[in-house]
Amino acid sequence: MKILVIGGGGREHALVWKLKQSARVERVWCAPGNGGIATEAQCVAVDPGDVPALVALAEKIGPDLTVVGPELPLVNGLADAFAQRNWPTIGPSQQAAQLEGSKIYSKEFLHRHNIPTAEMYGAYDSPGDAYGALCAVDWPVVIKADGLCAGKGVYLAPNPDAATNFIERLMEKNELGSGGRRVLFEETLEGDELSFIILTDGERYAPLVPTRDHKRVFDGNQGPNTGGMGAYSTDDLLPVELRETISTKIVVPTLKRLAADGIRYQGFLYIGLMLTKSGPKILEFNCRLGDPEAQAILARADFDLAEVLVDLAAGRLDPAKLTWKPGASACVVLASAGYPGKFENGKRIEGLTAAEKIAGVEILHAGTKRDGDSYVTNGGRVLGVAATGASLDAALAAAYQAIGKIHFDGMHYRKDIGTPAERMQRAGT
């Protein structure tokens, strides 16, 4: 089997790493890949958002299966272009990917079908309308950019001044690009977040192990939102009763209502939940594996990922094939100085060989590139240090032990990955 993986971050390194473990896999390409992926797959310099270029690449190399990592190619219609050529692909259609590509589309879908979610106060196309609507919301208010903003388009505004500043940055200064041209306001939900990700062929679905990520840049959930500073997975996150509730009230209605709207969803579906006192409610959809959740999830995977994905592409997913290592996993992101704002690339990374020798640890590259025999930084999120263990404490201990071996100028990371939000609140952070 020959497989093409689209993307170049930590999630894609995790996919390549897991796919390479299959005895069925002979060769893996990754477009564009990164420095770490280059040691396990052939990297091809293609923009992952450029659908015609990816079609041309696939015509040239002829993969047996294509796995799409990030959201941009899917929102741009890559799965549709490949489906027209009968090329097996993991990823939803352009229409289905609007669940992530447009927060307003997603919210209207949930309200139309009475699937539990936060109340939407309104959606706005102009900054003037958005400023005016701030008079009629409850504080704090959640403000979301409608389009793709690399994980930085959601803001919990504590007061009108903060809300006005964020709207100005989005809609007038265009700091996050075209994704910020429209915004929506919604109520703030209270509770613990949970990343509930499924794999589905449109009829059957298989839940992946539960994860929780940490989006804020600093310890204690302080600072701006990022693409994710770490994640962890343990079965304790999802008691049996809660799993049943999520299945019957969230997952099954979502897949049925998509089908009723003429959308057969195929691939990974990320359901971001808030576990409120009145039950789980949907915060957001992503049309792919989360990052860094994917690193924590795939570290616990105890099955042939290539075989499962081939079945999925053929429309015959067998949920029983997905088996998982007991215990827990964690992934801690090492970031460049200044991330999620401006940062410098080209910082030499040291200590990777020593870190990789620690039992249960896997170093997954995100923003790196090769420089001779060394690696240098080439992005905001540079590395994901993933580890498994018999318990969450053991997995975290291994990850942080490995981090102690790694260094690059300006390296920063959260030291409280795996700490539940309620424990942070009790500590007064």
Side-chain angles (χ1 to χ4, degrees), residues 6-12 31-32 34 45-54 68-79 91-92 94-108 122-131 133 141-157 162-186 215-217 223-229 270 272 283-288 290-291 333 335-336 338-345 366-367 378-382:
I6 307 297
R11 166 185 48 228
E12 289 74 37
N34 61 43
V46 177
D47 179 351
D50 188 339
V51 171
L54 291 168
V68 186
E71 62 276 15
L72 184 59
L74 297 166
V75 171
N76 288 352
L78 180 69
Q94 185 173 35
Q95 185 183 15
Q98 283 301 296
L99 287 175
E100 179 171 5
S102 169
K103 296 290 191 294
I104 295 170
Y105 173 93
S106 171
K107 183 62 68 171
E108 290 174 344
Y124 310 99
D125 297 328
S126 74
D129 289 343
Y131 296 139
V141 66
V142 175
I143 303 175
K144 292 182 177 180
D146 178 53
L148 300 179
C149 294
K152 302 168 191 173
V154 178
Y155 179 57
L156 177 59
T164 298
N165 178 61
F166 186 66
I167 294 165
E168 181 182 12
R169 288 173 51 215
L170 281 181
M171 303 187 79
E172 298 195 65
K173 295 181 178 178
N174 298 314
E175 287 187 13
L176 297 181
S178 60
R181 288 177 184 160
R182 303 174 72 202
V183 298
L184 68 103
F185 299 166
E186 65 181 37
K215 291 187 174 67
R216 301 284 188 144
V217 68
N225 273 337
T226 69
M229 292 297 292
Y270 173 116
L283 291 171
E284 64 173 352
F285 289 116
N286 291 162
C287 58
R288 35 73 189 185
D291 184 345
V333 170
S336 294
Y339 176 79
K342 293 181 180 179
F343 54 85
E344 294 182 357
N345 290 326
N378 191 43
R381 291 188 295 174
V382 177

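Residues: numbered from 1 along the sequence shown.
- Surrounding CD of Glu344 are at most 12 heavy atoms belonging to other residues, nucleotides or ligands under 6.0 Å away.
- You'll find the side chain of Asn76 stays beyond 4.5 Å of the side chain of Leu78, heavy atoms only.
- One distance of note links CG of Leu74 with CG of Asn286; it measures 11.0 Å at 0.5 Å rounding.
- Atoms CG and OH, on Leu99 and Tyr270 in that order, are 14.0 Å from each other to the nearest 0.5 Å.
- The CD1 atom of Ile6 lies 9.5 Å from the CD atom of Glu12; values are rounded to the nearest 0.5 Å.
- Nearest approach of Pro70 to Gly7, heavy atoms of both residues: CD-CA, 3.8 Å.
- Note on residues 94-106: pairs passing salt bridge (Lys or Arg N to Asp or Glu O under 4.0 Å), not counting sequence neighbours, are Glu100-Arg288.
- For the atom pair CD1 of Ile167 and OH of Tyr155, the computed distance is 10.5 Å after rounding to the nearest 0.5 Å.
- Using modelled atom types, no side-chain atom of Asp291 and backbone atom of Gly227 make a donor-acceptor pair closer than 3.5 Å.
- A donor-acceptor pair is defined here as one N or O able to donate and one able to accept, closer than 3.5 Å; such a pair exists between the side chain of Arg11 and the backbone of Gly69.
- At a threshold of 4.5 Å between non-hydrogen side-chain atoms, the residues Pro48 and Leu72 do not count as touching.
- For the residue pair Asn34 and Gly8, the shortest heavy atom distance occurs at ND2-O, 3.1 Å.
- Nearest heavy atom pair, residue Phe343 against residue Gly380, reads CZ-N, 3.2 Å.
- Asp125 places no side-chain N or O within donor-acceptor distance of the main-chain N or O of Arg182, the cut-off being under 3.5 Å.
- Side chain of Ser336 to main chain of Tyr339: no donor-acceptor pair is present (N/O by atom type, distance under 3.5 Å, no hydrogens or angles).
- Not one N or O on the side chain of Glu175 forms a donor-acceptor pair closer than 3.5 Å with the backbone of Leu170.
- Between the side chain of Asp129 and the backbone N or O of Tyr124, no donor-acceptor pair lies under 3.5 Å.
- Not one N or O on the side chain of Arg381 forms a donor-acceptor pair closer than 3.5 Å with the backbone of Ala366.
- For Glu186, the salt bridge (Lys or Arg N to Asp or Glu O under 4.0 Å) partners are Lys107, Lys144, not counting sequence neighbours.
- Around CZ of Arg216, the count of heavy atoms belonging to other residues, nucleotides or ligands within 6.0 Å exceeds 12.
- Taking each heavy atom of Ala145 and Gly179 in turn, the nearest pair found is CB-O, 3.5 Å.
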Inset, instruction - Start with the C-alpha gap between Gln98 and Val75, add the side-chain angles, then the distance that decides, and say whether side-chain contact (heavy atoms from CB on, under 4.5 Å) holds. - result: CA-CA 7 Å; Gln98 283 301 296; Val75 171; 4.0 Å; yes
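- Between Ile104 and Ala123, the shortest heavy-atom contact is CD1-CB, 3.6 Å.
- Looking at every heavy atom in both residues, Ala335 comes nearest to Met229 through CB-CE, 4.1 Å.
- Looking at residues two or more places apart in sequence or on another chain, you find no salt bridge (Lys or Arg N to Asp or Glu O under 4.0 Å) involving Glu172.
- Interatomic distance, SG of Cys149 versus NZ of Lys152, reported as 9.5 Å (0.5 Å rounding).
- Annotation: the span from Phe285 atom CZ to Ser102 atom OG amounts to 12.5 Å, rounded to 0.5 Å.
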